[in-house]
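Everything on this sheet refers to the single structure shown next.
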Amino acid sequence: MSSKNNIKAIANRIRDIPDFPKKGIIFKDITPLLSDIETFRISVKEMAAPHMDQYIDVVVGIESRGFIFGAPIAEILGCSFVPVRKPGKLPAKTKSVSYELEYGKDSLEIHEDAIHAGQKILIVDDLLATGGTAEATCKLVNKLKGNILGFTVLIELEFLKGREKLKQYNVHSLVKY
Ligand code: AMP
């Protein structure tokens, strides 16, 4: 299948759930995609594709749906996988970054020994919306002096302009709304 047809097949398996988790939000539900192994395989392959010729040391996956795509992408690229998690979930010593949400604040954590200075990093998540989560993850990786080569997501909500927060990075998305 051509890459264009692959993207169509992926988009066909993303379901809109209106007013979840709260009124006014259209939740992009990827469970129909995950339940079809062929489409899941294609998604992982297309997300990894721009990085096949780069040398990546570490794929960083963002909790929780970033783990689903991040781990198989790390496997394809032949590198290690590091999770970025919500507060209180990682057992060893962590670095933490707080970021603004629409209402209030949230934070993300990474194990402080997870990345070594200068390692080449690819960050993975399922969806880029306002870019707050992605920007916080970049800050965590920068704290550990990782060298961010790219950010890859399955879905980009372009109207929320998350990409503007990630101007200095190479952002790759498959399905755009
Ligand atoms: P943001 O920080 O605004 O870019 O939000 C990105 C994170 O929130 C990702 O980890 C997504 O999983 C989740 N997210 C935000 N908006 C949606 C949406 N409309 N549908 C599904 N997940 C979303």
Side-chain angles (χ1 to χ4, degrees), residues 7-36 39-40 42-44 46-48 51 58-74 81-90 94-111 114-115 121-143 146 148-177:
I7 305 304
K8 267 193 197 154
I10 294 165
N12 283 340
R13 288 203 159 260
I14 298 169
R15 172 168 68 176
D16 280 0
I17 308 285
D19 299 323
F20 183 88
K22 52 186 178 190
K23 209 160 175 48
I25 292 180
I26 299 174
F27 191 86
K28 297 293 180 191
D29 179 20
I30 59 163
T31 59
L33 183 158
L34 298 177
S35 68
D36 182 71
T39 319
F40 179 47
I42 290 168
S43 306
V44 169
E46 291 284 349
M47 287 171 82
H51 307 285
V58 179
V59 166
V60 169
I62 308 176
E63 185 167 355
S64 57
R65 276 161 286 160
F67 298 171
I68 298 172
F69 296 97
I73 290 172
F81 175 80
V82 165
V84 158
R85 300 211 62 180
K86 309 233 164 97
K89 301 278 190 186
L90 288 170
T94 59
K95 294 277 184 204
S96 177
V97 161
S98 292
Y99 62 104
E100 302 286 334
L101 294 174
E102 199 180 347
Y103 301 103
K105 277 193 165 189
D106 211 343
S107 56
L108 286 172
E109 295 181 350
I110 192 167
H111 272 151
I115 290 170
I121 312 295
L122 172 66
I123 303 175
V124 176
D125 203 0
D126 66 325
L127 184 144
L128 177 66
T130 65
T133 310
E135 190 183 31
T137 303
C138 291
K139 281 185 186 159
L140 279 177
V141 171
N142 286 332
K143 273 191 182 196
I148 300 169
L149 293 197
F151 181 83
T152 187
V153 286
L154 184 77
I155 304 166
E156 179 177 3
L157 304 183
E158 284 183 311
F159 55 94
L160 292 175
K161 301 188 165 56
R163 216 173 249 272
E164 286 182 8
K165 289 202 179 83
L166 305 169
K167 267 187 192 135
Q168 69 267 52
Y169 304 114
N170 174 18
V171 178
H172 170 65
S173 65
L174 298 186
V175 182
K176 301 171 206 290
Y177 296 92

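Fair warning: this is a prediction, and the values are worked out from it, not measured in the lab. Every number for a ligand or one of its atoms is a count from 1 in the order of the listing.
- Compare R65, K165, E156 by their heavy atoms: the one nearest to atom 22 (N) of ligand 1 is in R65.
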### Task
Could you please spell out the steps behind the side-chain contact (heavy atoms from CB on, under 4.5 Å) verdict for I115 and V60?
CA-CA 9 Å; I115 290 170; V60 169; 3.9 Å; yes
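- For ligand 1, one of its N or O atoms has an N or O atom of I26 under 3.5 Å away.
- Looking at T133, D16, I30, D125 and measuring to atom 9 (C) of ligand 1, the nearest heavy atom belongs to D125.
- A heavy-atom separation below 4.0 Å is not found between I62 and ligand 1.
- With rounding to the nearest 0.5 Å, the separation of CD in E156 from CZ in F151 is 9.5 Å.
- Surrounding NZ of K176 are more than 12 heavy atoms belonging to other residues, nucleotides or ligands, all under 6.0 Å away.
- Atoms of ligand 1 lying under 4.0 Å from any heavy atom of D126, numbered from 1 in the order shown and given with element: 9 (C), 10 (O), 11 (C), 12 (O).
- Panel note: side chain D16, backbone K28; no donor-acceptor pair is recorded below 3.5 Å.
- Of all the listed residues (G162, A129, G132), A129 holds the heavy atom that lies closest to atom 5 (O) of ligand 1.
- Looking at K89 and E63, no side-chain N of the basic residue comes within less than 4.0 Å of a carboxylate O on the acidic one, giving no salt bridge.
- Residue, atom and distance of the protein heavy atom nearest to atom 16 (N) of ligand 1 are L127 CD2, 3.6 Å.
- At a 4.0 Å cut-off, not a single heavy atom of A134 sits close enough to ligand 1 to count as contact.
- Interatomic distance, E135 CD to L140 CG, rounded to the nearest 0.5 Å: 11.5 Å.
- Here T130 has heavy atoms under 4.0 Å from ligand 1 in both its backbone and its side chain.
- Of the protein's heavy atoms, at least one falls inside 4.0 Å of atom 12 (O) of ligand 1.
- At least one donor-acceptor pair under 3.5 Å links the side chain of T152 to the backbone N or O of M47.
- When the shell of 6.0 Å around CD1 of I26 is examined, it contains 12 or fewer heavy atoms from other residues, nucleotides or ligands.
- At distances below 3.5 Å, at least one donor-acceptor pair connects side-chain atoms of R163 with backbone N or O atoms of V171.
- For atom 20 (N) of ligand 1, the closest heavy atom belonging to the protein is K28 N, 2.9 Å.
- Of all atoms in ligand 1, listed by their number and element, those nearer than 4.0 Å to a heavy atom of L157 are 19 (N).
- Looking only at protein heavy atoms, the nearest one to atom 4 (O) of ligand 1 is G131 N, 2.7 Å.
- At a 4.0 Å cut-off, not a single heavy atom of I155 sits close enough to ligand 1 to count as contact.
- Across A136 and Y99, no two heavy atoms sit closer than the pair CB-CD2, 3.6 Å.
- Between F27 and ligand 1, not a single N/O pair is under 3.5 Å apart.
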